[in-house]
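Accompanying notes for the structure given below.
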Amino acid sequence: MKASTVWVKYLLAALLWLPAFAASAQDARPAHPLDALTAAELHQVKEILAADGKLGPKARVHAVDLDEPDKASVTAWRPGMALPRRAIAVVSEAGAVHEAAVDLAAGRVTGWQTVTGEPALLFEELNGMAALALADPRMVQGLAKRGFAPNQVFCLPLTAGNFGNKEDQGRRLIKMPCVGRPTGSNYWARQIEGLFATIDLKTRKVLDVSDSDVVPVSDDTGGYKETEIAAYGALRPESKPASVAQPGGDNIATEDGRIVWDMWRFHLRADKRPGPVLSMIEARDGARWRSVAYQMHLSEVFVPYMDADKAWYFRTYMDSGEYGFGNSLSPLRKGIDCPPYARFFPVTMPQDNGEPIQTPDAICVFERAIGDPAWRHFEIFEQSAQRLVPAEGRPASELVVRSASEVGNYDYLIDYVFHQDGSIRVAVGATGLDAVKGVASQSMKDATAADDTRQGTLIAPGLVAPFHSHYFNFRLDLDVDGAANDFMRERLVQKSLPKGSPRRSMYAVAHEMPAREKEARTRIESASPALYHFANNNVESALGHHPGYMLMPEGSYVHPLLSADDPPVKRNDYLHYQLSVTPYSPAERYAGGRYAMMSDGKDTLGAWTARNRPIANRDIVAWYTVGFHHITRMEDWPVMPTHWFGFTLMPHNFFASNPAMTIRNPK
């Protein structure tokens with residue numbers, strides 16, 4: 001959902017955040033093999049590359065990621081042992097892209113290979129192209145036709161996708177429409193329709209300017225500051241705050257580089273593309289720590305718009321692969337994004353020149369008393385006329401790991417929520433601003449309204465919010481009681497009963513255990529209910545069960561409603577199945593492929609599963625897609641209410657009994 005004010009955001013970041021936070025980032029020291037690269041290590045990567053002659057004067061760094069040690073090394077590592085530290089850097093210069101492997105401990109480059117794909121966008125590519133577009137005489141003329149001068153607008157760098165055009169091969173394209181500079185807080189309200197530039201980032205040239213029908217620019221300011229909102233109507237009366245506090249402090253601890261809370265422990269870092277990465281997730285079962293997942297993180301985000309207009313058809317963004325969710329992390333605000341008592345963590349990322357920059361308060365971790373019972377029972381047979389026996393139960397708390405990525409007009413919250421019953425919920429909250437299209441219609445009574453709203457909703461005078469969809473794919477490396485797991489699909493099927501039975505039908509469970517990738521691909525349909533298990537059949541409980549975790553859809557599974565030969569769908573072919581399972585491969589981290597910008601769909605989750613590799617009793621990875629079709633509405637304007645969707649991982653015969661039974665009674 002891209003159109004972005006990144007040119008403002010990251011200019012401020014470069015000017016303000018780095019001096020204020022660089023010192024604390026430099027002081028950080030890695031304490032675990034999976035710790036994010038520190039500011040000092042990012043600087044070291046740059047120095048090593050420069051010393052090896054890999055960084056010319058115009059070189060740019062698209063990413064520097066931790067090169068994770070293999071699983072066996074990580075699980076065997078203990079404090080005091082040598083700390084392996086390696087990095088993978090993606091570097092471009094003069095149109096060529098290379099991937100560098102850097103050994104920080106040895107201080108040398110250990111690999112240097114040419115990349116055929118296009119890496120994620122640089123900040124300077126986003127920030128610097130507006131001036132290029134606005135210097136083109138065709139853009140100046142087009143703006144003048146609409147009553148604007150170049151200094152009265154800003155232009156939005158939008159990824160162009162890949163639609164199989166031969167002339168686009170080898171190019172690195174963005175499209176740049178413009179917006180009238182805001183009169184208030186909303187940067188998106190004054191859309192200038194029918195005019196945009198196409199730019200090749202490699203040559204830094206405007207290839208084309210599209211100038212079609214002139215549409216009046218909306219007068220709606222769309223402001224969302226409190227003083228602006230008051231102009232829409234009277235604000236609500238002031239209310240007494242409803243808040244949760246922890247005057248005695250929280251119950252969160254750290255142990256060997258991992259966060260420990262209640263029955264859970266896990267490692268946490270953030271990477272440039274997926275944002276938060278949770279690793280080595282374990283649940284405490286009595287005195288024993290048991291593995292649930294080796295790693296989970298966001299894999300890809302796909303947001304296609306449903307408008308075939310020349311200025312809109314290409315808006316089929318891969319937000320994570322093209323822009324980066326870690327790259328787009330925004331500081332969290334106490335009392336709004338997270339409780340005031342939350343623990344806040346900064347995140348350090350490389351800039352275009354390879355030097356570190358830190359985003360403060362980019363991740364928060366907090367406990368939350370949700371006001372619900374973890375369990376309860378009121379026993380009617382225990383009651384008497386003389387004595388009322390209250391219900392037995394325990395209050396539920398949960399631990400939340402939260403981040404917020406501002407990707408253009410949208411703000412996406414990502415939550416990993418740990419419960420005391422052994423379950424984990426992964427949730428996405430979509431808020432921020434709708435992308436809007438300028439139209440002639442001022443109301444639905446206008447003669448132009450029917451045509452203007454064929455693929456969107458009129459949400460303000462002169463503004464239509466086009467329909468679109470949000471797809472979030474998560475990579476779930478589940479290691480239930482060990483790495484060797486099986487995927488099991490247990491379908492609920494109707495069973496007819498014989499004549500003479502007082503019942504005519506029941507449902508039964510039909511067990512399926514796919515042995516290969518193609519068999520495991522699953523379309524989830526509410527009319528065909530099933531349970532989706534990941535279990536370790538090499539381990540047996542006292543009752544003879546095999547421990548497992550069950551993936552529970554929450555009604556947020558979506559069908560693409562797009563044809564398989566549609567070019568954006570080819571690039572995101574995981575949409576055909578909400579759930580896929582692959583054998584573990586460190587190189588397969590992102591469902592849309594390693595290099596999503598201008599990608600053609602050859603390196604995707606769909607291409608990997610087409611190999612039909614064995615998955616039975618192996619180290620396997622689940623890929624699950626959630627989302628929603630956004631049929632826009634007036635209530636989305638000027639800023640949309642947070643819409644939550646997600647899924648839950650629930651223990652299934654993993655524990656001998658309800659693990660929440662051991663919660664203590666409140667005093």
Side-chain angles (χ1 to χ4, degrees), residues 1-10 12 121 123 126-127 130 153-161 174-193 196 217-218 220-225 228-229 275 301-307 309 311-312 314-320 322-325 327-330 337 404-414 428-439 455-460 462-472 627-643:
M1 257 261 158
K2 225 35 4 41
S4 190
T5 53
V6 293
W7 61 279
V8 172
K9 172 183 171 185
Y10 289 107
L12 290 174
L121 287 165
F123 291 152
L126 299 172
N127 301 341
V153 304
F154 69 92
C155 300
L156 313 169
L158 311 182
T159 52
I174 59 170
K175 308 280 189 179
M176 295 204 77
C178 298
V179 177
R181 289 191 179 275
T183 57
S185 58
N186 194 325
Y187 277 76
W188 308 91
R190 306 185 69 210
Q191 295 291 323
I192 299 172
E193 285 300 326
F196 66 91
V217 173
S218 175
D220 193 293
T221 61
Y224 51 85
K225 303 289 187 182
E228 296 171 306
I229 295 169
V301 180
F302 177 45
V303 187
Y305 281 78
M306 300 297 119
D307 193 318
D309 184 85
W312 281 83
F314 61 85
R315 303 186 195 213
T316 55
Y317 310 116
M318 296 173 71
D319 281 346
S320 179
E322 293 175 336
Y323 293 86
F325 256 54
N327 228 19
S328 304
L329 288 170
S330 59
D337 296 318
S405 294
E406 182 264 335
V407 192
N409 47 294
Y410 262 95
D411 294 68
Y412 292 114
L413 301 162
I414 305 287
V428 181
T431 179
L433 311 180
D434 272 346
V436 290
K437 178 180 182 179
V439 297
Q455 293 302 126
T457 301
L458 187 71
I459 61 171
L463 292 176
V464 160
F467 304 144
H468 55 280
S469 298
H470 302 253
Y471 303 97
F472 279 68
F628 69 104
H629 299 303
H630 192 166
I631 305 305
T632 49
R633 55 188 181 139
M634 285 175 29
E635 289 85 353
D636 291 338
W637 192 253
V639 60
M640 64 178 283
T642 305
H643 176 73

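Position 1 is the first residue of the sequence; numbering continues from there.
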**OP:** Write down the atom of Leu413, the atom of Ala404, and the distance for their closest heavy-atom approach.
**Re:**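 That closest heavy-atom pairing would be CD2-CB, 3.5 Å.
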Original post:
Where do Ile414 and Val428 come nearest, in terms of heavy atoms and distance?
Top reply: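 Heavy atoms only, the tightest pair is CD1-CG2, 3.9 Å.
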When rounded to the nearest 0.5 angstrom, what distance separates [atom1] in [X] from [atom2] in [Y]?
X      : Y      : atom1 : atom2 : result
Phe314 : Thr316 : CZ    : OG1   : 9.0 Å
Leu158 : Tyr317 : CG    : OH    : 4.0 Å
Asp434 : Ile459 : CG    : CD1   : 5.0 Å
Trp188 : Leu156 : CH2   : CG    : 5.5 Å
Leu121 : Asn327 : CG    : CG    : 9.5 Å
Tyr224 : Met640 : OH    : CE    : 14.5 Å

Original post:
Checking side-chain contact (heavy atoms from CB on, under 4.5 Å) against Tyr412, which of Thr431, Thr642, Asp319 comes through?
Top reply: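 Testing Tyr412 for a side-chain contact (heavy atoms from CB on, under 4.5 Å) against Thr431, Thr642, Asp319 leaves exactly one candidate, Asp319.
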Original post:
Does a donor on one side chain sit under 3.5 Å from an acceptor on the other, for Glu228 and Thr221?
Top reply: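 There is no such pair (donor and acceptor under 3.5 Å, judged by atom type) between the side chains of Glu228 and Thr221.
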Subject >> Donor-acceptor pair between Ser330 and Glu406 side chains, under 3.5 angstrom >> reply: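 Their side chains do not contain a donor-acceptor pair, so the 3.5 Å distance test is not met.
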Subject >> Of Gln455, His468, Lys437, the residue whose pairing with Asp307 passes side chain to side chain donor-acceptor pair (under 3.5 Å) >> reply: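 Among Gln455, His468, Lys437, the one that satisfies the side chain to side chain donor-acceptor pair (under 3.5 Å) with Asp307 is Lys437.
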Original post:
Where the side chain of Tyr187 meets the backbone of Val179, is there a donor-acceptor pair that is under 3.5 Å apart?
Top reply: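 No; zero donor-acceptor contacts below 3.5 Å.
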**OP:** Determine the interplanar angle of the Tyr410 and His470 rings, folded into 0 to 90°, and report it as parallel if under 30°, tilted if 30 to 60°, perpendicular if over 60°.
**Re:**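 Judged by the thresholds at 30° and 60°, the geometry between Tyr410 and His470 is perpendicular.
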